[in-house]
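To keep things clear, I will list the structure first and then write my remarks on it.
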Amino acid sequence: MGADGPLARTLAALPLVDHHCHGVVTAGLDRAGFESLLTEGAAWPGVSPFDTPVGVAVRRHCAPLLDLPRHAPAEEYVDRRAGLGAAEVNRRLLSAAGTEVFCVDTGFGPDGLTTAGQLAEAAGAGAVAYEVVRLEGVAEAVATAGVEPDEYAGVFESAAWAAVRRPGVVAVKSVAAYRTGFDLDPARPTDAEVTGAAGRWLARGGGRLADPVLMRHLLWTAVGLGLPLQLHTGFGDNDIRLHRSDPTHLTDWLHLTSGTVPVMLLHCWPYQRQAAYLAAVFEQVYLDVGLALHHVGPGRARAVLAEATEITPFRKLLYSSDAYGVAEFHLLGALAFRRGLAALLQERVDSDELSLPDALRIARWAGRDNARRVYRFTDDT
Amino acid sequence: MGADGPLARTLAALPLVDHHCHGVVTAGLDRAGFESLLTEGAAWPGVSPFDTPVGVAVRRHCAPLLDLPRHAPAEEYVDRRAGLGAAEVNRRLLSAAGTEVFCVDTGFGPDGLTTAGQLAEAAGAGAVAYEVVRLEGVAEAVATAGVEPDEYAGVFESAAWAAVRRPGVVAVKSVAAYRTGFDLDPARPTDAEVTGAAGRWLARGGGRLADPVLMRHLLWTAVGLGLPLQLHTGFGDNDIRLHRSDPTHLTDWLHLTSGTVPVMLLHCWPYQRQAAYLAAVFEQVYLDVGLALHHVGPGRARAVLAEATEITPFRKLLYSSDAYGVAEFHLLGALAFRRGLAALLQERVDSDELSLPDALRIARWAGRDNARRVYRFTDDT
Amino acid sequence: MGADGPLARTLAALPLVDHHCHGVVTAGLDRAGFESLLTEGAAWPGVSPFDTPVGVAVRRHCAPLLDLPRHAPAEEYVDRRAGLGAAEVNRRLLSAAGTEVFCVDTGFGPDGLTTAGQLAEAAGAGAVAYEVVRLEGVAEAVATAGVEPDEYAGVFESAAWAAVRRPGVVAVKSVAAYRTGFDLDPARPTDAEVTGAAGRWLARGGGRLADPVLMRHLLWTAVGLGLPLQLHTGFGDNDIRLHRSDPTHLTDWLHLTSGTVPVMLLHCWPYQRQAAYLAAVFEQVYLDVGLALHHVGPGRARAVLAEATEITPFRKLLYSSDAYGVAEFHLLGALAFRRGLAALLQERVDSDELSLPDALRIARWAGRDNARRVYRFTDDT
């Protein structure tokens, strides 16, 4: 429906801002390697990650870009992918995604991945990339470098400032959802609390930061840095306790930090309505449904977007892919977003619930302009 | 689909019972004033409340009632609204809503709003209004008037009885969802507990009631009054901790109070399925999806109603608008309910899952007769 | 849509494995008796259980199998049902369900119900039945038979082993969702903890097992038995605290028990997305949307299945009816599953998001082959 209507054409042609994604693997991938990147789970005996909604979507939408027929078998797909080589595959898929700006979280498993700049280069057509600093990585590096407990707060804050002052950094990110969940005491911890918690963490040798006091300290430090704060919410791998990643647990913290920095709720599924509520009642809250878009596939993205947009102010919805590792995800995220949103808006226009000019404006806002407004890419970053 | 089928015609013509709403502003509204009432958030710089699903719905469905073209620009809409004057706007929109009975919660920000009687008068066509007593307001007035801690329980109970014995009162309401959430100890508090909690509250000068013991006492007092108890659940402004307003947290309390009064779960979004579960397994529980209806707009109301009605017994679904402040919401709530439910039922009839007579009966029950059955308007109230 | 397409035909003809259901009443039922089985609530004055989505579905889809017109009135339906007699009604409805394998939970209210063997016999056409052992029933029988607290753990474990070694047993089941919910300490309790808790329980005379320590012990004992473990999640009667039956509360326990037995999340509604998440990230997790299928009816089953399958690996979705008491539910569960899944898959094929061979494979996996793979019915059970 509306596959060649004005909304579909506009969204198909719109250069997107992907306000949260990761790099892609630069080496060639065999079937096992590709499959392990295709799932938020793992590759299990007898259950191919291709036998999933996202696996089907790869064979449907990515295969033709590698000169294969639609719905090509998985084996042919990975063979052809290997034959073309990673650079060519990445170039084809990333350029087909039609993304003009990538905001790249370089803090998760960056070894063997493209840098932000390499990702944009592979996409071609003047695409540019900015960087998102993952604050847990900064904190863990501070511990690794060695610090006294009572100096931790100051050293971490200095390191965070140093990280965000680098050219091209447009946002910070926290994965508190993975580490503690959001049902935290919303108050800023005292200096003594931070020193005590840092002492216990450092005494264990640092490593993965999951202490609730230090996580609160990290979130409050983020607020002071002045950049938009991206928060992973909802769906992820099995490190998540999903119910604790419902972003409404942040309500008290959002009250306390009102008037400071934009808070970008990433992904959100299956809590997209909860995220929409927050975006509707807190000035600083924005959301996307990245990650879910490619995992549910273009055939279901419209339904997820429909829930995400039920009450969300039109200036509060952004696009992200949250693609990681394989360029298939950058392509599928963009495709699912364009098609899902176009179908959704076109239906509203067809039933005269929405005027076409309004629908086109909403499409451009969600795909590009809202992100430009929040991140101010035109500033001298 | 089915826009002029028998379900659509029947629901378009059905006089509705709006079992929970508020009055409308009697003064004229400038753009800022109108926009501030259009959102559960606030008017934020650069983000007009018109740029939301409900804003689009106002321009689409209300503009023609003010002699403007469909999808008129926001500026023209507020200008025309101001030019016509509040009384004429309210008359046009309220009469177009086709509501025959309004149950009006007069306990939230009533200054400058129509009374229940004025609301019905503006709607014309013999519409009548009944009153819903907000118990937190009664309790707070008791504190303001001055009371000793050990007398609080008795004085509050007497005041509640006095309030509900006034002519035209058909229900009581609690906003416990806003004040404490529903994850309360379900047991009736002891006298000593109430006195202790009242002492602490009164020592602070009373004011906004949010003490968990006093909230439990309020809910248990409500049970004794014999009238249907309306409970706000789910979506609201940012005073809500949404996850604590999931009505399934009330399960133990519903067991303890079984056999007493009807419990009307208001709004419920995004917990409409949780509310439907409670309505399916507790005799005394009913639900509506008010507030959500106009905020998501007629284009999406069907999907929300479809979830709300998945397992809900047909005698358990009611209509409310939860409109507050602007008559646009009374109109849009009614329109979204009529069209959403008609589309939903017509589809079932078209696929022969439901007979037309059954569908028509369900429509009349949900829009009017279920409320009449619960509230017994024909009694001498 | 697609009511006679290849997916509809394939699914209509597919012999299903109903991996979780119960027996049906062998005696005749009057209206009150039938209505009491039609609802997860109770029969309330003035609110017939026929006035529900499932009641409408019975009149639509079961009436013709009893030689009545579609949408026959409730009174005619129960009269005709009584006239035909339970055995004939059960034969007609169960054979129409087209189920080839029933996995029967015989642990809930089995008096007056068909045994597993009788259920299969009534279904005819070579249908076979296996048994699912409800572990709470085993534990409660141990208490009834008399046991010392410090022997409880050993005696329960022996009894569980004896129960699962009987011929035809293919799985165990826990109703922890009803008894404690899933927000339990995930760790295996110590011997001393179990003895202490058993002492308190036995001192009260045993009975309904709802002690958190003993429930944890039961779940950990289940893991040692080596058979798939079925867990009721989500929707049920009003003994459930729905929010505590969200299966994501099991995440820590799933980590601790990884690599042991398959965990079959039953029903799941309204947490089908949460269940899908777990199935996507834990190798051992599977899910179905039984119970919901007949309660929402064939008209809405597609929407529930669409959410359940958004990210679920195709080898992780199973079919169950969770039918109890009346064969109408075995029929409606099967019908809703076949039609809902067919409509869902056909739409994906029609929009070329999915190839027809893939869709047919997914249909066969979900309806039959995934269950065969997990339960290994061909083993000598």
Side-chain angles (χ1 to χ4, degrees), chain B residues 182-183 186 243-255 258-259 270-286 303 306-317 344-345 347-359 361-362 365-366 370 373-374, chain C residues 1 3 38-57 59-61 63 69-74 181 234-246 269-273 291-304 307 335-336 339 343:
Chain B
F182 294 137
D183 45 350
H243 56 98
R244 301 183 69 193
S245 76
D246 173 346
T248 61
H249 288 285
L250 289 166
T251 305
D252 287 299
W253 185 80
L254 291 168
H255 275 291
S258 173
Y271 303 112
Q272 55 269 18
R273 282 169 160 159
Q274 282 81 349
Y277 159 73
L278 294 174
V281 300
F282 284 98
E283 181 176 4
Q284 75 267 37
V285 174
Y286 297 77
E307 292 180 20
T309 58
E310 270 171 357
I311 63 164
T312 300
F314 302 138
R315 300 237 61 151
K316 296 299 198 78
L317 181 69
L344 182 63
L345 293 172
E347 186 195 40
R348 301 281 165 89
V349 170
D350 290 345
S351 63
D352 197 28
E353 288 293 327
L354 189 65
S355 74
L356 181 57
D358 284 333
R361 192 166 48 108
I362 293 166
W365 281 356
N370 288 341
R373 182 172 172 273
V374 173
Chain C
M1 170 176 46
L38 204 54
T39 170
E40 289 285 320
W44 303 316
V47 183
S48 167
F50 272 103
D51 286 325
T52 57
V54 69
V56 161
R59 291 168 45 219
R60 164 63 186 87
H61 294 287
R70 292 172 291 105
H71 313 296
F235 184 38
D237 66 35
N238 72 17
D239 267 358
I240 287 268
R241 273 59 182 164
L242 196 66
H243 56 98
R244 300 182 69 192
S245 75
D246 172 347
W269 183 98
Y271 303 112
Q272 55 270 18
R273 282 169 162 160
L291 191 59
L293 289 174
H294 56 269
H295 278 285
V296 307
R300 185 67 187 165
R302 173 193 181 163
V304 173
E307 292 180 20
L335 191 76
R339 295 196 182 181

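Below, chains carry the letters A, B, ... as their sequence lines are ordered, and counting in each starts from 1. Note: hydrogens, waters and symmetry copies are ignored here, and every other heavy atom, side chains too, is used. Please read all numbers here as calculations on a predicted model, not as lab measurements.
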From C/Asp51 CG over to B/Thr312 OG1, what is the distance, rounded to the nearest 0.5 angstrom? 13.0 Å
For chain C, find which of B/Asp252, B/Ile362, B/Leu254, B/Asp352 contributes the most heavy-atom pairs closer than 4.5 angstrom. B/Asp352
At a 4.5 Å cut-off on heavy atoms, which part of B/Ser355 comes close to chain C: side chain, backbone, both, or neither? both
Distance col, row B/Phe282:CZ vs C/Asp237:CG, nearest 0.5 angstrom, shows 9.5 Å
Are B/Arg373 and C/Val47 packed together at the side-chain level, in the sense that at least one heavy-atom pair is separated by less than 4.5 angstrom? yes
Mind checking whether B/Phe182 and C/His243 have side chains closer than 4.5 Å, heavy atoms only? no
Hey, what do you get for CG (C/Leu242) to CG (B/Leu278), rounding to the nearest 0.5 Å? 7.5 Å
For the atom pair CZ (B/Arg273) and OH (C/Tyr271), what is the distance rounded to the nearest 0.5 Å? 11.5 Å
What option among B/Ala276, B/Ser351, B/Ala306 has the most heavy-atom pairs under 4.5 Å with chain C? B/Ala306
What part of C/Pro49 gets closer than 4.5 Å to chain B, counting heavy atoms only: side chain, backbone, both or neither? neither
Could you go through C/Thr52 and B/Ile311, starting from their C-alpha distance and side-chain angles, then the distance that decides it, and tell me whether this counts as side chain to side chain contact (heavy atoms under 4.5 Å, CB included)? CA-CA 7 Å; C/Thr52 57; B/Ile311 63 164; over 6 Å; no
Spacing of NE2 belonging to C/His71 relative to CD belonging to B/Glu353, to within rounding of 0.5 Å: 8.0 Å
If you tally heavy-atom pairs under 4.5 Å against chain B, which of C/Arg244, C/Glu40, C/Arg241, C/His295 wins? C/Arg241
With chain B as the partner, which of C/Gly234, C/Ala303, C/Ser48, C/Gly236 has the greatest number of non-hydrogen pairs under 4.5 Å? C/Gly236
To the nearest 0.5 Å, what is the distance between OG1 (B/Thr309) and CZ (C/Arg300)? 7.0 Å
Would a distance-only check, ignoring hydrogens and angles, find a side-chain to backbone donor-acceptor pair under 3.5 Å from B/His255 to C/Asn238? yes
Atom group of B/Ala279 that falls short of 4.5 Å from chain C, counting heavy atoms: backbone
Chain C: which of B/His249, B/Arg315, B/Arg361 shares the most heavy-atom pairs with it under 4.5 Å? B/His249
Where is the tightest heavy-atom contact between B/Val281 and C/Trp44, given as atom of each residue plus distance? C-CZ2, 3.7 Å
Flag side-chain contact, heavy atom, 4.5 Å: C/Pro53 against B/Glu310: no
Side chain, backbone, both or neither: which part of B/Arg348 has a heavy atom under 4.5 Å from chain C? side chain
